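What follows is one structure encoded as structure tokens, with my remarks underneath.
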Amino acid sequence: MEQAAPAPNTIELRRGLSAGLSIAFGYMPVAIAFGLLAGSTGLTVYEAVLMSMLVFAGAAQYMALSMIAVGAGMIEIVLATFIVNFRHLLMSASINERAEPTSKRYRALFGFFLTDEVFAVSSVHKEPVPGGYILGTGIAAYSSWVGFTAVGYFTGAILPAILQESMGIALYALFIALLVPSIKDAGRPVVVLALLGGGFNWMYAFVLDTGWAIMAAVITAVVIYELLIRRRIT
């Protein structure tokens with residue numbers, strides 16, 4: 001029989017909440033932008049906030065909005081979100097090795113709150129990382145993301161109609177803004193993958209629905225790029 005592990009203590013929870021404040025402030029403008037765009041895409045405030053509450057993944061949520069805007073189906077959106085968030089499996093496995101022994105219930109709980117930023121902050125903590133610290137960091141980030149999604153939605157509702165209609169263009173501008181820093185950091189690989197993905201999406205769009213074309217283009221671009229890299233190494 002598995003021995004019960006101690007629950008995270010309140011001291012580490014407060015330390016995690018404090019450490020997560022920087023993430024919370026960083027999430028504010030992105031969450032507000034998501035709320036604005038969700039309203040312009042046609043989602044209700046309940047749908048927008050519920051998406052942030054259940055998905056809690058910025059890149060996947062923005063991609064889902066773009067797919068909703070072009071009329072993609074539910075299965076396509078779910079599969080695309082799974083592909084984008086696949087890295088979370090690796091992050092969860094890594095943080096599980098670093099974290100102190102806790103019950104499965106708590107590991108599942110702070111696993112839900114694990115984003116790139118929460119993972120980064122938790123990973124620099126001295127091992128073993130207290131479960132309460134991870135949980136507190138995640139709660140701070142989660143509260144900001146969900147709360148400011150609602151703020152962004154209601155902010156968009158009071159904008160003039162012409163500005164609300166133009167928010168659809170802002171979605172593509174945001175994707176470009178997210179891409180530029182990646183190009184600066186990684187350089188050529190990001191550019192090559194973006195060009196491959198765009199090219200394959202254009203070709204697949206002739207024979208597939210929009211959502212399936214996007215997923216097929218992403219997978220094909222990554223596979224081909226990986227094959228090219230392996231061929232250069234060998």
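What you see is a predicted model, and the numbers here were worked out from it, not measured in a lab. This chain uses plain numbering: 1 for the first residue, then up along the sequence.
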Any Phe113 side-chain heavy atom under 4.5 Å of Ile134 side chain: no
message: For Thr115 and Tyr142, which I'm curious about, is there any donor-acceptor pair between the side chains at under 3.5 Å?
response: no
task: Please say whether more than 12 non-hydrogen atoms of neighbouring residues, nucleotides or ligands are located less than 6.0 Å from CD1 in Ile11.
output: no
message: Could you measure the distance from the CG atom of Leu65 to the OG atom of Ser40? Nearest 0.5 Å is fine.
response: 7.5 Å
message: Over 60° means perpendicular and under 30° means parallel, so tell me whether His125 and Tyr133 are parallel, tilted or perpendicular.
response: tilted
message: With a 4.5 Å cut-off on side-chain heavy atoms, are Val30 and Phe148 touching?
response: no
- line: Taken to the nearest 0.5 Å, the spacing of Leu109 CG from Tyr106 OH works out to 7.5 Å
query: Within a radius of less than 6.0 Å around CE of Met53, do more than 12 heavy atoms belonging to other residues, nucleotides or ligands occur?
result: no
Quick one: side chains of residues 91-98, donor-acceptor pairs under 3.5 Å with protein atoms, not counting sequence neighbours, listed by atom name and distance.
unit_1	atom_1	unit_2	atom_2	d
Ser92	OG	His88	O	2.8
Arg98	NH1	Ser123	O	3.4
Arg98	NH1	Glu127	OE2	3.4

- prompt: Distance from Leu37 atom CG to Gln61 atom CD, nearest 0.5 Å?
  reply: 11.5 Å
message: Less than 4.5 Å apart, side chain to side chain, heavy atoms only: is that true for Ile68 and Met51?
response: yes
- prompt: What pairs of residues pass the salt bridge (charged side-chain N to carboxylate O under 4.0 Å, His left out) test when at least one of them lies in residues 21-42, not counting sequence neighbours?
  reply: none
query: Under 4.5 Å between any side-chain heavy atoms of Phe25 and Ser144, yes or no?
result: no
- request: Please state whether the rings of Phe112 and Phe56 are parallel, tilted or perpendicular, taking 30° and 60° as the class boundaries.
  value: tilted
- prompt: Where is the tightest heavy-atom contact between Val49 and Ala150, given as atom of each residue plus distance?
  reply: CG2-CB, 3.8 Å
